[in-house]
Amino acid sequence: MTSTDTPAASGPDAAHRYTADLASDIEARWQDRWEAEGTFHAPNPVGDLARPGQGELPSEKQFILDMFPYPSGAGLHVGHPLGYIATDVVGRYKRMLGLNVLHALGYDAFGLPAEIYAVETGRHPRETTLENIGTMRQQLRRLGLAHDDRRSFATIDPGFVKWTQWIFLQIFNSWFDPELKKARPISELIEKLGTDDPSVIDEYRLAYIKDSPVNWCPGLGTVLANEEVTADGRSERGNFPVFKRNLRQWQMRITAYADRLLDDLDGLDWPEPVKLMQRNWIGRSHGASVVFDAGVAPIEVFTTRPDTLFGATYMVLSPEHPLVDTLTTAEQSAAVGAYRAQAASKSDVERQESREKTGVFTGAHATNPVNGQQIPIYVADYVLMGYGTGAIMAVPAHDERDWEFAQVFDLPTPRVISADRDGGGELPWTGAGVLVNSANDEVSLDGLEVEEAKERIIAWLESKGLGTGTTTYRLRDWLFSRQRYWGEPFPIVFDEDGRAIALPESMLPVDLPEVPDYSPRTFDADDTTSEPEPPLSRVQEWVNVELDLGDGLKKYRRETNTMPNWAGSSWYEIRYTDPHNDAALADPVNERYWLGPRNSGGGESDPGGTDLYVGGVEHAVLHLLYARFWHKVLFDLGHVSGSEPFRKLFNQGYIQAYAYTDERGAYVPAADVVEEAGADGVVTWTYEGKPVKREYGKMGKSLKNVVTPDEMYEAYGADTFRLYEMSMGPLDVSRPWETRAVVGSQRFLQRVWRLVVDEDSGVGSVSDELASDELRQALHKTIDAVRTEMDGMRFNTAIAKLIELTNQVTKAEMRPREVIEPLVLMLAPFAPHIAEELWSRLGHPETLAYQPFPTADPAFLVEESVTCVVQVQGKVRARLEVSPAVSEADLTALALAEPNVQRALDGKEPRRVIVRAPKLVNVVV
RNA sequence: GCCGGGUUGGCGAAACAGGUAUACGCAAUGGAUUCAAAAUCCAUCGUCCGAAAGGGCAUGCGGGUUCGAUUCCCGCACCCGGCACCA
């Protein structure tokens, strides 16, 4: 006999039990209602999203932003929504605090995976991308996120692309004024210089074309990122050879903003580790540029340690340095040529990771300007062309890498800094010390500390015209072009002289043309003379156009590169504020309302930006730096009102998972692995009776350990899933997913449900009687604690407090409305559907989304007694219940009277008694 | 190699400014209820000694500061993330 025959009057078949099915009903109903009523529509001050005639907007606002998703075809796993749930909790909470909350989600929809898929299947990336977005929207809608869906967009929407291209034109048509330290329209430069000669003006633009080294893979026909190149210099995909090659590329002059990007970090409410990573990435260092005479040509080097100049015993040029050919002597040219070819075939990764120092002598010498010594010039790949000048002076005694190189090539290593008064310190010595052996007829550094020596030698170099004090940055300009199809086309055409010309705003957006084939032209894998041919370059009727750009119809050729995936995400936060505006990025009034600086009324100036930005720490440098850079350019040009895009940043952790491999190393389905603890406590895992090994890491199809949100909706409902994700640990910490623990969150919601709804009858059980003093006090303490935890985004502990209160009410066998209603309201940010349903069953017809979050009455927070801990020698020996107002003397007497304290004292006299009334007494003997 | 973060019960974790280590949840064990099960409720639950009272040991390891350290300092091991031989 099965239980399906006749539903029992009670037990598992209780008609009104909060099961996954009931949860799903409730959730669907409220999601539909929120959508129909536009519950989460955030009004704008002006424009199509304004609510004219409905009074003033709330004086306070909250712009909450998620790092928007890339709509991959793989679908979501339970790790993806973590951040979206967290921001939703914040948004719902802030809304209940009376703020106007802007929260929406767009899609970062250009990108390589869609293009690769298009190459494989021949389907248009737009088609598959839109499908993926559709699937993702469905999965996310089931979560009940309180988004203003009118504000959603994808970066591939023509209305969005138009403004991405428009921003490019702003940047192209600007230059950086080093005096004002800000971007200005290029027209002002033309006026200032009194010329519009492109060969002069184009050198100043913030977006410019330059030959730049890239990883060219003829076999794939594309340029690869470093991470796509293996350590042995081949492509990860296809295993083709990869070559370093200079290509004509668009660059963005982000280096002009290095100082501001660095200095403005101080005003941001960001995690310190992220700020530190950006500081290191920008890498500002002060040093000197020094010119060495090498006979046929001067060589400029940058050094952060000009104080060690007297210890320079050789020079090194990077293999790509333009002077290598000029300097290399006839005898050495074969060796140098071979070395350079070998270096070109190595990946950056390999060059950086190899500990073995290699290099080759050029046959040439240079003169050390401080002592006239002739020092040999080498070429070596440990010197990089991208940093400083691509040439160094080598001081082996005081630099680890130079030391290693000098050991290999048996070069002299004279000491010029003594580590201590004994004149010692093991070489190489890179620490502090006093200069020695550093004097010529005109200048002496001997006896000086490093910093003083730097100043003096720079002054001397400057007086002799041999060098200057300089600041160098590690940051390089942003390589902005890609030889791909699925990206924003540049709003640029080239005239017959090959000069880049901006298209007028009226011609935006420049749409992608249809192409017969999404793949680039591939070449023979070893054909180093080949050049990328982007897919767009093959659409001749698109490339070659006749336009009137103000001086009559002329023939032009379009730019066939596209913008990188970063472009859209570098400004999308602005678009949420006014997503349908066709006349501007965003109306300045709307932009200022949501993103503008707060007028705090003096003191610190606020940089503006979103009130919260939540996403993974993997974007700590690139995305966050690019977005800050664009925002600053737009700020300088007057298009946005604040100097920073993201006022506060929060890095969420990752949900990870266990994966299991069998004896062949193949992954087995994690869901079917059986865990057993033996009698000795050793845990083993088996799959189909055979032992398997456990590893820990990401969730992924190939690891066979994916758990989807859909499975959780099915088994528990969205509220339980949301609650579980928020309760499993602190938001910023990574942790493993554990499906079997989810039931705890469901049980909690079921307990809350039963406080309001009788499982058998479905009738309400809440009483209007007043709560007991004890319960009322518990409620107010909970409110107080929950508010504190919510404000600090410590949702796991906030939930623990709610569970404690719920358990207490359950035990009290009495359901006072006075306690139940605030409990439901406090639960609402985490489990909004069940909270709405209970709120409605408690007799409130309107949504609780705008109900004020409960406030604690301080009168009920006063403790009547506290536990005092009595320690002897720091060990707890007794506990006392005392009044919070107890005096130190009384407390000491009470403590010493405790039998257990006396026993621990063992007749000894206390030497000292430390009293921290009313919480602690520590007796020291 | 460098930089950043971490290590607390069987598991996820808590401890706001140096003051009761292990809140809350999962798993486990025992009980009530049930014909039985599920669900629910009650109880136990770091470890060792002890009948109990109580005591010893416990926050990765070794030191230090302090009346008192998960918390601060020094050193070490291991794990995670990032990376750039950056002169």
Side-chain angles (χ1 to χ4, degrees), chain A residues 3 10-14 17 19 226 271-274 276-277 280-281 283 285 287 301-305 308 316 348-349 351-355 357 380-384 386-389 391-395 398-402 404-405 472-474 616-618 620-621 653-654 656 675 677 681 683 696-697 724 727-730 732-738 740-745 747-748 750-751 754 759 785 788-789 792 794 796-797 799-804 807 810-811 867-877 879 900 903-904 911-914 916 919-925:
Chain A
S3 62
S10 64
D13 302 306
R17 183 171 169 72
T19 59
N226 283 340
E272 274 310 315
V274 176
L276 192 58
M277 279 189 247
N280 290 343
W281 189 264
S285 57
V301 304
F302 172 75
T303 174
T304 54
R305 297 294 303 276
T308 61
V316 183
D348 273 7
V349 175
R351 274 176 66 166
Q352 287 150 23
E353 283 181 356
S354 107
R355 305 298 310 161
K357 290 286 173 291
D381 66 4
Y382 80 95
V383 173
L384 303 179
Y387 184 82
T389 62
I392 63 161
M393 65 174 209
V395 185
H398 304 290
D399 182 282
E400 302 257 358
R401 291 147 301 163
D402 296 347
E404 287 166 19
F405 190 85
T472 307
Y473 303 87
R474 179 200 168 280
V617 72
E618 76 269 22
V621 178
Y654 295 97
Q656 298 187 296
E675 179 177 302
V683 179
Y696 180 59
Y724 175 64
S727 67
M728 59 198 290
D732 54 355
V733 171
S734 295
R735 73 226 72 165
W737 176 261
E738 202 180 1
R740 68 177 178 181
V742 180
V743 70
S745 297
R747 286 182 195 148
F748 165 52
Q750 287 173 331
R751 277 199 295 279
R754 278 198 297 273
E759 287 194 347
T788 307
E789 302 304 278
R794 291 180 297 271
N796 53 328
T797 46
I799 291 167
K801 304 286 179 198
L802 293 176
I803 294 174
E804 281 179 86
N807 292 347
T810 302
K811 275 181 192 160
T867 306
C868 175
V869 173
V870 184
Q871 299 176 330
V872 178
Q873 301 286 68
K875 289 196 168 146
V876 181
R877 296 302 176 187
R879 292 184 172 85
N900 214 31
R903 186 168 30 214
R911 272 196 298 143
R912 197 174 150 197
V913 180
I914 288 150
R916 295 281 179 276
K919 300 276 283 185
L920 178 116
V921 177
N922 189 10
V923 184
V924 187
V925 288

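Each chain gets a letter, A, B and so on, in the order the sequences are listed, and its residues count up from 1.
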For nucleotides 18-21 of chain B, which of its nitrogen or oxygen atoms have a protein nitrogen or oxygen under 3.5 Å away, and what is each distance?
residue	atom	partner	partner atom	Å
B:G19	O6	A:Arg916	NE	3.3
B:G19	O6	A:Arg916	NH2	3.2
B:G19	N2	A:Gln871	OE1	3.4
B:G19	N2	A:Asn922	ND2	3.4
B:U20	O2	A:Arg879	NE	2.9
B:U20	O2	A:Arg879	NH2	3.3

Please give the distance between the P atoms of B:G63 and B:U70 as a whole number of Å.
15 Å
Exactly one candidate in A:Ile914, A:Val876, A:Val869, A:Val870 meets side-chain contact (heavy atoms from CB on, under 4.5 Å) with A:Asn922; the answer is A:Ile914
So, is A:Asn280 near the phosphate of B:G82, with a side-chain N or O under 4.0 Å from OP1 or OP2?
no
Shortest non-hydrogen pair, A:Pro736 vs A:Met728, comes out as O-CE, 3.5 Å
Mate of B:G4 across any strand shown (Watson-Crick or G-U wobble, both atom pairs under 3.5 Å) is B:C80
Nucleotide B:C24, atom C1' - distance to CD of A:Glu804 in whole Å
6 Å
Would you say a side-chain N or O of A:Arg740 is under 4.0 Å from OP1 or OP2 of B:G12?
no
Rounding to 0.5 Å, atoms CD1 (A:Ile803) and OG1 (A:Thr810) come to a distance of 11.5 Å
Would you indicate what A:Ser745 reaches in the nucleic acid, counting non-hydrogen atoms under 4.0 angstrom: base, sugar-phosphate, or nothing?
nothing
Determine: side-chain N/O of A:Ser285 to OP1/OP2 of B:A87, distance under 4.0 Å, yes or no.
yes
State the pairing partner of B:C41; accept Watson-Crick or G-U wobble contacts with both distances under 3.5 Å, and report none otherwise.
B:G31
Comparing nearest nucleotides in RNA chain B, the 5'-proximal residue of the pair A:Ile803, A:Pro736 is A:Pro736
Separation of the P atoms in B:U7 and B:C72, to the nearest angstrom:
11 Å
Identify the two heavy atoms, one from A:Thr308 and one from A:Arg305, that lie closest to each other, and give their separation to 0.1 Å.
OG1-O, 2.8 Å
If you check the A:Asn796 side chain, which of B:A14, B:G12, B:C67 turns out closest?
B:A14
Starting at CE of A:Met277, measure out to CG of A:Asn280 and round the result to the nearest 0.5 Å.
9.0 Å
Which whole-number value in Å describes the distance from A:Ile799 CD1 to B:A14 P?
12 Å
With a 4.0 Å cut-off on heavy atoms, is A:Arg747 in touch with a base, just the backbone sugar-phosphate, or nothing at all?
sugar-phosphate
Syn/anti state of B:A15 by chi, 90° boundary around 0:
anti
Name the nucleic acid region contacted by A:Ala800, choosing base, sugar-phosphate or nothing; use a 4.0 angstrom heavy-atom cut-off, strictly under.
base
Round to a whole Å and report the spacing from CZ of A:Arg735 to C1' of B:G25.
14 Å
So, A:Thr797 versus A:Glu789: side-chain donor-acceptor pair below 3.5 Å or not?
yes
Given B:C24, B:A14, B:G12, identify the nucleotide with an atom nearest to the side chain of A:Glu738.
B:G12
Taking atom OG1 of A:Thr867 and atom CG of A:Leu920, what is their separation to the nearest 0.5 Å?
12.0 Å
Mate of B:G75 where both pairing distances stay under 3.5 Å, Watson-Crick or G-U
B:C61
Please report the distance, rounded to the nearest Å, between CZ in A:Arg751 and P in B:A39.
14 Å
With both distances kept under 3.5 Å, what pairs with B:A14, Watson-Crick or G-U wobble?
none
Using the C1' atom on both, measure B:G75 against B:A21 and round to a whole Å.
25 Å
Taking the P atom of each, how far is B:A43 from B:G82, in whole Å?
47 Å
Looking at B:G55, B:A84, B:A13, which one has an atom nearest to any side-chain atom of A:Asn900?
B:G55
Regarding A:Thr303, tell me which of base, sugar-phosphate or nothing describes its non-hydrogen contacts under 4.0 Å with the strands shown.
sugar-phosphate
Nearest-Å distance once atom C1' is located in both B:C86 and B:U22
47 Å
Tell which nucleotide pairs with B:U70, taking only Watson-Crick or G-U wobble pairs whose two distances are both under 3.5 angstrom.
none
Parallel, tilted or perpendicular for A:Tyr724 and A:Trp737, by the 30°/60° rule?
perpendicular
Given B:G81, B:A84, B:U40, the nucleotide with the shortest approach to the side chain of A:Gln750:
B:U40
Spacing of the C1' atoms in B:A14 and B:C26 (rounded, Å)
15 Å
Looking only at B:G25, B:A14, B:C3, the nucleotide nearest the A:Leu276 side chain is B:C3
If you check the A:Arg474 side chain, which of B:G55, B:C83, B:A87 turns out closest?
B:C83
Integer angstrom distance from the C1' of B:C16 to that of B:A27:
30 Å
Any idea which of B:A87, B:C57, B:A23 is nearest the A:Lys875 side chain?
B:C57
Measure from the side chain of A:Arg877, starting at C-beta and using heavy atoms only, and say which of B:C83, B:G5, B:G56 lies closest.
B:G56
Starting at CE of A:Met277 and ending at C1' of B:G81, how long is that distance when rounded to a whole Å?
8 Å
For B:G9, measure the glycosidic angle (O4'-C1'-N9-C4 for a purine, O4'-C1'-N1-C2 for a pyrimidine) and name it syn if it falls within 90° of 0, otherwise anti.
syn
Counterpart base for B:A51, defined by Watson-Crick or G-U wobble contacts under 3.5 Å
none
A:Ile392 to A:Val301 - nearest heavy-atom pair and separation
C-CG1, 3.8 Å
Please state the C1' separation for the pair B:G9 and B:U29 - nearest whole angstrom.
16 Å
Using a cut-off of less than 4.0 Å, is there contact between a side-chain N or O of A:Arg754 and OP1 or OP2 of B:C41?
yes
Check whether any side-chain N or O of A:Asn807 sits under 4.0 Å from OP1 or OP2 of B:C24, and answer yes or no.
no
Of the candidates B:A39, B:C24, B:G54, the side chain of A:Arg17 sits closest to B:A39
Spacing of A:Lys801 atom NZ relative to B:G25 atom C1', expressed in whole Å:
14 Å
